[in-house]
Every structure is written in C-alpha cells, then in structure tokens.
Amino acid sequence: MSSDQHTQKKPEMEAPQRNLALDLVRTTEAAALASARWLGKGEKEAGDEAAVSAMRLSFKAIDIDGAVVIGEGEKDNAPMLYKGEKLGSTRGPSVSVAVDPVEGTNLLAYGRPNAISVVGVAPAGTMFDPGPSYYMKKLVVGVEARNAVDLDAPVADNLSKIAAALGKEVEDLVVFVLDKPRHGELIARIRKAGARIQLHTDGDVAGALMAVDPNSEIDVMMGTGGTPEGVLAACAIQALGGEMLCRLDPQKSKEKKALAEWGMELDRILDVNTLVASDDVFFAATGISGGTFLEGVKYTGKGADTHSLVIRGKTGTIRYIKSRHNWDKLMRFSAVKYD
C-alpha cells in the first residue's frame with residue numbers, strides 16, 4: 001500500500017440525525033384528518049379553516065424556531081398560516097417554512113381527487129420570497145432529465161430531450177398540465193409533438209411532485225401555476241434531485257405593477273437552487289381526497305387511515321407512510337377534534 005493511500009483521509013461520517021420530516025408529517029396528517037370531513041360539501045373556506053387550525057396546533061409540538069415564508073391565503077382570501085407567522089416551540093433550529101394546509105381547496109370542496117396537505121422546511125434564509133407574485137411559468141422534471149430542459153426552448157424540443165434522457169419515445173411521455181384557458185396553445189403544442197397529457201383543474205404542487213416521484217406515471221409538468229406553490233414544491237424537488245425551471249408570469253396588470261414596485265425581474269429564469277438554496281430540506285405531504293398521487297383519508301368509524309409522503313433532502317430518503325389513527329386513544333388528549 002502506498003504512503004498516499006495511508007495518508008488519504010476518509011470521508012467524515014456522521015451519526016444518524018433526527019429526521020424533522022417525521023415530525024412534520026404529524027402536521028399534514030392533522031390537517032388532512034380535520035379537512036377531509038368537508039370533502040365534497042362545497043364549502044371551500046370551511047375545509048381550509050379546519051386544516052389551518054389543526055396544522056397550527058400541531059406545529060406547537062415541534063422543536064423548531066420557524067417563520068412562514070410561503071403561506072397560502074393572501075391570494076384567495078382564505079384562512080391562512082400567514083407570511084411571517086412564527087411556528088414551533090422556538091427551542092430548535094431556525095428554519096423557513098412553506099405550508100399549504102389544503103393544496104387544492106376546490107378539489108376538496110367538490111370531492112375531486114389529489115387534494116393534499118403539504119409542508120416544506122429549509123434552513124432560515126434559504127427559501128425564495130416571491131413577494132407579490134401569484135403566478136409563474138414552470139417546467140418540472142425528475143433527476144434523470146434535470147439537465148435536458150430549457151424553459152425558453154420550444155415545447156417539442158424539450159419533450160424530445162426529456163424522452164431521450166428517460167430512454168423513452170416522445171409518445172411514451174405523460175405531461176401534467178393545469179386545465180386552464182391560458183394553456184390552450186401549450187396543450188396544442190404538446191399534442192402536436194405526440195406526447196400524452198393529464199389535465200387537472202387544480203393542484204400544481206401535486207403535479208410537480210408527481211413529475212419528480214419515481215413511482216408516478218407523470219414525466220414532466222408544464223405551464224403556469226401558483227408562485228407560492230412553486231416554492232413549496234421546490235422543497236421536495238430539491239430533496240429528490242429534480243429540476244424546476246420557472247419565470248414569474250403575472251396574469252393581471254395589478255400583479256405586474258406590484259412586481260415592478262417590488263423590484264422583481266420578470267425575465268429572470270429561476271431554478272430549484274434559487275427557490276430553495278439548500279439540500280438540507282424536509283418535506284411532508286398527506287392525501288386528503290385521494291387520487292393518483294396519494295390515497296385520501298379513509299374514516300373507519302373508530303378512527304381513520306392516512307397516506308403520506310415524507311422526504312429528507314440531505315439523505316434523499318423517501319418514505320411512504322400509512323397511518324392508522326384511533327379515536328378512542330387520540331381524543332383523550334388531542335386539542336384537535338377529528339371525529
């Protein structure tokens with residue numbers, strides 16, 4: 001053995017550390033259990049408010065010093081965990097929090113699939129603040145195609161390169177697109193290129209997650225969706241090694257004016273490292289209404305079953321968790337009234 005081999009340092013190893021995502025999933029489970037009672041009842045704000053209240057209470061048990069950077073509510077006047085709100089016991093690490101207690105409030109209200117509860121956490125100061133931006137153009141792919149995409153390239157070119165990176169034909173690809181009038185031309189170009197399409201009325205966090213989830217049939221997400229939702233999804237995309245390319249895309253003159261006053265550059269392309277500038281991220285999502293991504297809440301009379309996705313960015317570990325909740329025991333001490 002050479003002297004160089006003797007003196008070469010081994011990589012510094014770490015003992016297993018606490019996975020904060022396993023604490024966070026309790027908040028998404030609580031929100032899902034509380035809001036799923038409103039499935040299909042047509043009361044959007046009631047379902048959202050139930051989820052917000054349950055999630056806010058659950059955060060009190062987590063040892064973090066958290067501040068909300070991405071909080072849903074300002075855009076649609078819904079109940080919310082507001083931007084700047086402090087979360088956690090304050091005894092733990094300082095973190096930025098992105099949260100949506102019900103991603104897909106319309107999906108929940110009208111009993112449609114893929115409403116989920118989601119939360120992402122990153123070290124304080126590493127999460128992009130979208131200011132007054134509501135909408136952004138997005139292109140999301142998984143790890144295998146992360147170097148194959150260009151936000152400004154023609155749709156057909158991107159699809160061809162994504163297919164090559166995945167070892168597929170363009171005709172094999174499935175593209176997630178929100179079914180909105182603004183996407184008429186995009187949909188036509190995808191069809192002309194020969195790819196298949198899944199159209200969804202709402203839920204572009206779920207769409208982005210499906211695009212990077214190796215178990216999903218979705219290969220890519222394209223189109224304009226929510227900016228806060230984009231930053232939230234970026235927590236998971238960063239953790240899984242995928243890519244999100246985006247550009248702010250204001251849909252109304254009022255939003256465009258606000259962005260100019262904020263000092264935002266509308267032509268700047270943002271990537272996943274801009275949106276979340278650390279791989280030490282944690283992410284959790286729990287299904288509410290069920291669907292192709294995560295199964296929804298199933299009430300059993302004596303309790304409920306939930307299905308969740310939990311991700312730790314530092315290790316790249318993905319967990320799918322099925323939980324059975326027992327009302328008799330849970331309701332003895334829980335401040336959240338699930339039943």
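The first residue of the sequence shown is numbered 1, and numbering continues consecutively from there. The model shown is predicted, which means the values in this text are computed figures rather than measured ones.
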Should we say atom CZ of Arg182 is surrounded by more than 12 heavy atoms from elsewhere, each under 6.0 Å from it?
->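 More than 12 within 6.0 Å, yes.
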Assigning hydrophobic clusters by single linkage (Ile, Leu, Val, Met, Phe, Trp, Tyr; side-chain heavy-atom cutoff under 4.5 Å), is [X] placed with [Y]?
| X | Y | result |
| --- | --- | --- |
| Val212 | Met221 | yes |
| Leu259 | Val69 | yes |
| Ile197 | Val220 | yes |
| Trp262 | Val231 | yes |
| Ile237 | Ile269 | no |

For [X] and [Y], indicate whether the former's side chain and the latter's backbone hold a donor-acceptor pair under 3.5 Å.
| X | Y | answer |
| --- | --- | --- |
| Arg196 | Asp172 | yes |
| Glu229 | Val205 | no |
| Ser216 | Met210 | yes |
| Tyr110 | Lys41 | no |

With a 4.0 Å cut-off on N to O distance, would you call [X] and [Y] a salt bridge?
| X | Y | answer |
| --- | --- | --- |
| Lys322 | Glu295 | no |
| Asp280 | Lys314 | no |
| Asp129 | Lys83 | yes |
| Lys138 | Asp204 | yes |

Restricting to pairs with a member in residues 260-275, which pass salt bridge (charged side-chain N to carboxylate O under 4.0 Å, His left out), not counting sequence neighbours?
->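 Matches after skipping sequence neighbours: none remain.
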Which pairs count as salt bridge (charged side-chain N to carboxylate O under 4.0 Å, His left out) when at least one residue sits in residues 240-260, sequence neighbours excluded?
->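 Found Arg146-Glu243, Asp152-Arg247.
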Any donor-acceptor pair under 3.5 Å linking the side-chain atoms of [Y] with those of [X]?
| X | Y | value |
| --- | --- | --- |
| Thr126 | Ser278 | no |
| Glu103 | Ser117 | no |
| Thr90 | Asp65 | no |
| Thr227 | Ser133 | yes |
| Ser58 | Thr27 | no |
| His200 | Gln198 | yes |

Would you say that [X] contacts [Y] through its side chain, given a criterion of any heavy-atom pair below 4.5 Å between the two side chains?
| X | Y | result |
| --- | --- | --- |
| Thr292 | Pro113 | no |
| Cys235 | Val121 | no |
| Leu294 | Thr286 | no |
| Pro101 | Val119 | no |
| Val68 | Tyr82 | no |
| Ile288 | Leu39 | no |
| His325 | Asp305 | no |
| Ile62 | Leu20 | yes |

Any idea which heavy atoms bring [X] and [Y] closest together, and the distance?
| X | Y | answer |
| --- | --- | --- |
| Leu178 | His183 | O-ND1, 2.8 Å |
| Met244 | Leu275 | SD-CD1, 3.4 Å |
| Ser89 | Asp63 | OG-OD1, 2.7 Å |
| Ala236 | Ile311 | CB-CD1, 4.0 Å |
| Val297 | Ala304 | CG1-CB, 4.2 Å |
| Phe282 | Leu24 | CB-CD1, 3.8 Å |

Does the side-chain contact (heavy atoms from CB on, under 4.5 Å) test come out yes or no for Lys180 and Ile187, once each step is laid out?
-> CA-CA 10 Å; Lys180 306 292 183 183; Ile187 291 168; over 6 Å; no
Could you give the distance from [atom1] ([X]) to [atom2] ([Y]), rounded to the nearest 0.5 Å?
| X | Y | atom1 | atom2 | result |
| --- | --- | --- | --- | --- |
| Phe293 | Phe176 | CZ | CZ | 10.5 Å |
| Cys246 | Leu139 | SG | CG | 9.5 Å |
| Thr105 | Trp38 | OG1 | CH2 | 14.0 Å |
| Tyr135 | Leu248 | OH | CG | 13.5 Å |
| Leu151 | Leu245 | CG | CG | 6.0 Å |
| Leu81 | Ser53 | CG | OG | 9.0 Å |

side-chain contact (heavy atoms from CB on, under 4.5 Å) between Arg112 and Ser289: does it pass, once the steps are laid out?
-> CA-CA 7 Å; Arg112 295 170 182 155; Ser289 62; 6.0 Å; no
cation_pi(Arg26, Phe59) dist<6.0 Å, angle<=45 =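 Judged by the rule (NZ or CZ under 6.0 Å from the ring centre, within 45° of its axis), Arg26 is not positioned above Phe59.
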Side chain to side chain donor-acceptor pair (under 3.5 Å) contacts touching residues 155-170 (sequence neighbours left out) |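 Non-adjacent pairs meeting side chain to side chain donor-acceptor pair (under 3.5 Å): Lys168-Asp219.
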Walk me through it: do Gln251 and Thr224 pass the test side-chain hydrogen bond (donor to acceptor under 3.5 Å, both in side chains)?
-> CA-CA 9 Å; Gln251 298 298 293; Thr224 293; 4.7 Å; no
For Val99 and Ile70, what are the C-alpha separation, side-chain angles and deciding distance, and is it a side-chain contact (heavy atoms from CB on, under 4.5 Å)?
-> CA-CA 6 Å; Val99 61; Ile70 302 297; over 6 Å; no
Residue that, paired with Ile218, satisfies side-chain contact (heavy atoms from CB on, under 4.5 Å) out of Val174, Val141, Val140 =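 When Val174, Val141, Val140 are each tested with Ile218, the side-chain contact (heavy atoms from CB on, under 4.5 Å) holds only for Val174.
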Do you know which of Val25, Ile318, Leu240, Leu209 makes side-chain contact (heavy atoms from CB on, under 4.5 Å) with Phe283?
->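 Per the side-chain contact (heavy atoms from CB on, under 4.5 Å) rule, the option paired with Phe283 is Leu209, out of Val25, Ile318, Leu240, Leu209.
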Hey, do the aromatic rings of Tyr320 and His307 have their centres closer than 6.0 Å?
->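 Between His307 and Tyr320, which both carry aromatic rings, the centre distance is not below 6.0 Å.
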Take Glu49 and Val52 through the side-chain contact (heavy atoms from CB on, under 4.5 Å) test and state the conclusion after the steps.
-> CA-CA 5 Å; Glu49 186 172 5; Val52 168; 5.6 Å; no
